[in-house]
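Reminder, nothing fancy here: chain letters follow the sequence lines and each chain counts from 1. Everything numeric in this text was worked out from a predicted model, so none of it was measured.
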Amino acid sequence: MPTLLAIDDLHVSFETDRGRTAILHGISLDLEPGQTIGVVGESGSGKTVLVRAVLGLLDAPFAIDGGRIEYEGANLLEYGEAELERIRGRDIALTTPEPRKHLNPLTTIGDQIAKVIRAHADVSKEAAMARAVELLGMVGIPDPELRLAGYPHEMSGGMCQRIIIAMALAHDSKILLIDEPTAGLDVTISRQILDLIRGLVRDRGAAALIVSRDLGVVAHYCRDVAVMYAGRIVEQAEVGTFFRQPLHPYSARLLRAAAAARDRAVGRAEATALLPPALDGCSYAPRCALAEPACEASIPGPAEPAAGRWVRCLRAAAIAHGEVAV
Amino acid sequence: MRFARYIARRLLLLPVQLLLVSLIVFFLVRQMPGEPTFLYTGPFATKERVEEVRRQLGLDQPIHVQYVRYIERVIRGDFGMSLRTSQPVMTDVRQRLPATMELIGYAVVFSVLIGVPLGVYTAIRKRGIINRAVFLYGMMAGALPDFWFALIAIFVFFFHLGLLPGPIGRIDLMVSTPETITGMYTVDALLTANWAAFFSSASHLFLPVLTLVFIYMPLVLKNARSAMEDMLGSEFVVYARAAGLPRLMQWRYALRNAMPPIITVTGILAWFLLGGAVLVETVFAWGGLGQYAVQSVVNSDYAALQGVVLLSAVFTMLVFLVVDLAYFVVDPRIK
């Protein structure tokens, strides 16, 4: 399969008063046509920064320190603002969490969607409005014609989320970057929207990166999963094998936490302190029950225990063979 | 409809607010040392003469009686006589208010026309020579006294270069004033196509307006810049960018959302200049309301002072009514 988007060894840092802090330490991720990858990990692991880096949205104090983001034979990191403008929203579309904040409060929904449509399509305002109605219908907004004249503050959070998703679908983009699609949506609506995205990916040879904290969403709608921790992808695997046997202790912990949350035992889920990630060695070592002295010595490189799956953990082989329990 | 009801309510509230203001001012004015009686009698009058004048002016009455009488007259449109100019306060004000309005009107308009674009520009272009120059100017102008700048401007443009008329008021002595319509010379001159009066009054306006704009524009500029910076960093502009909207459109989104604070500060500037322009008025012998107010205070000219304060109160409330209405127009969230 040819790759659609190839992120290779991406490094991003953030400038503060006390110097630079690295946020992404060499992320590599390939997206193929028809593929949906779920990116999971706790808050602050760098998921959103990764997604925004792809679109060239990181301004100072963020800085890209290295790597490549390859799309259609070009490195997006070398693109200027004008070139990025042509790609954003047309080839690569983004949805965001906190949708209400991402809509302009002073203009109507219809106007905003029409502007997104007309940014990349040479159509009349009327045609754009007609397309907006169609898009709002696709994401399940009732009475879309009436909604066009409304303002964001008149809509619920879930409604705003669907409007953002409608905008992301406006141009049949090849790559959909879906950041927290289900926050604020009830189950039926989020299903409907994820089904829609899955359909688009399947039928049009598009690809999607779904950032989510909801492992259920990832399990149902993604082919692969990438687990991020402290700015690194610590494990990547096909969804089925991942949920059967996570190889990284952090992945296992995430799955247990999700199960505990499902069983309403959140309070009793392993409450080891939220220790800050280590700077040398494996960043998860301070929180890891299986850590050994070697874990603190060097950053584990990616090991590939099986085709299409890899993990950054010194103990992965032992875990895979069932010699230690995670 | 909502709109009309809101305006009506605000306007209905206006008399109530004015009554309160008048009450406070009436009593405060009478706490000042000195009495207007002496303007009448001169300093060497006999005690009997002073008492007589006090009776004539009604100052021998209990203060609440004086207040009720004053209000009765005000309701009939009679603001009393200025003891200093020996004219009805209304006549004095009618001469001076247009002078001040013309001055601060131009000052506010140019502060906005120059300050907002500069603020927006420097918010977008964070580097470069213009940005640094504007930053320095903003720091410096806020620290300069306006009357000092006025004197320098007179020295350069009138005394040294001879380009502009000296500080002798609103129009050349040799040019007759235009027929009074609004009382603002440039406006009246334009309305009556009186070009001589127009150019004369415009050239007299130039330096005082330049002074006010130079010194007070940074208020608008800094506000526009910081509001624009905030909005450029806001999520909806970031999202507009992510959706591929061109930069011009992103800036328009940001500017539209930056309008409310800019409108507010414009209102504050207009309100401030009504009294705040007094030193500039004095330097240019403008004969405006600010000068009149100061003279009234110095001379314990009760009726004149009360009249000016009431007028300022009306002006202030109208300015903030306009600000609120502008908010209404800009922001659909305000209901």
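Here Gly89(A) is the residue among Gly89(A), Gly56(A), Ala170(A) with the most heavy-atom pairs under 4.5 Å with chain B. In terms of heavy-atom pairs under 4.5 angstrom with chain B, the leader among Glu98(A), Gln112(A), Arg86(A) is Gln112(A). Per-residue counts of heavy-atom pairs under 4.5 Å with chain B were compared for Thr108(A), Ile164(A), Leu84(A); the largest is that of Ile164(A). Per-residue counts of heavy-atom pairs under 4.5 Å with chain B were compared for Val116(A), Leu57(A), Leu55(A); the largest is that of Leu57(A).
Interatomic distance, Arg252(B) CZ to Asn104(A) CG, rounded to the nearest 0.5 Å: 10.5 Å. The distance from the CE atom of Met167(A) to the CG atom of Leu245(B) is 8.0 Å, given to the nearest 0.5 Å. How far CZ of Arg241(B) is from CG of Asp59(A): 4.0 Å, rounded to the nearest 0.5 Å. Note that the OH atom of Tyr239(B) and the CZ atom of Arg88(A) stand 12.5 Å from one another [nearest 0.5 Å]. Rounding to the nearest 0.5 Å places CZ of Phe236(B) at 10.0 Å from CG of Leu103(A).
Contacts of Ala82(A) with chain B are made by both backbone and side-chain atoms, with heavy-atom separations under 4.5 Å. Using a 4.5 Å cut-off between heavy atoms, Val330(B) contacts chain A through both its backbone and its side chain. Looking at Arg100(A), there are no atoms closer than 4.5 Å to chain B (heavy atoms on both sides), in backbone or side chain. In this structure, chain B has no heavy atom under 4.5 Å from any part of Leu177(A).
Closest of all the heavy-atom pairs between Leu94(A) and Ala242(B) is CD2-CB, 3.6 Å. Pro105(A) approaches Asn257(B) most closely through the heavy-atom pair CG-OD1, 3.2 Å. Contact detail for Ala119(A) and Gly244(B): the closest heavy-atom pair is CB-O, 3.7 Å.
For Phe320(B), the CZ atom sits in a packed shell: over 12 heavy atoms of surrounding residues, nucleotides or ligands are nearer than 6.0 Å. Counting non-hydrogen atoms of neighbouring residues, nucleotides and ligands closer than 6.0 angstrom, the OH atom of Tyr137(B) exceeds 12 such neighbours. By the 6.0 Å contact criterion, CH2 on Trp271(B) is open, its count of non-hydrogen atoms from other residues, nucleotides or ligands being 12 or less. The neighbour count for Arg20(A) CZ, taken as heavy atoms of other residues, nucleotides or ligands under 6.0 Å away, is above 12. In the displayed structure, Leu136(B) atom CG is contacted under 6.0 Å by more than 12 heavy atoms of other residues, nucleotides or ligands. Heavy atoms of other residues, nucleotides or ligands lying less than 6.0 angstrom from CE of Met139(B) number 12 at most.
Residues Glu85(A) and Gln250(B) form a side-chain contact, since some pair of their non-hydrogen atoms from C-beta on lies under 4.5 Å apart. Looking at Glu154(A) and Pro332(B), their side chains never come closer than 4.5 Å, going by heavy atoms from C-beta outward. Here the side chains of Arg333(B) and Leu106(A) are in contact, with some heavy-atom distance below 4.5 Å.
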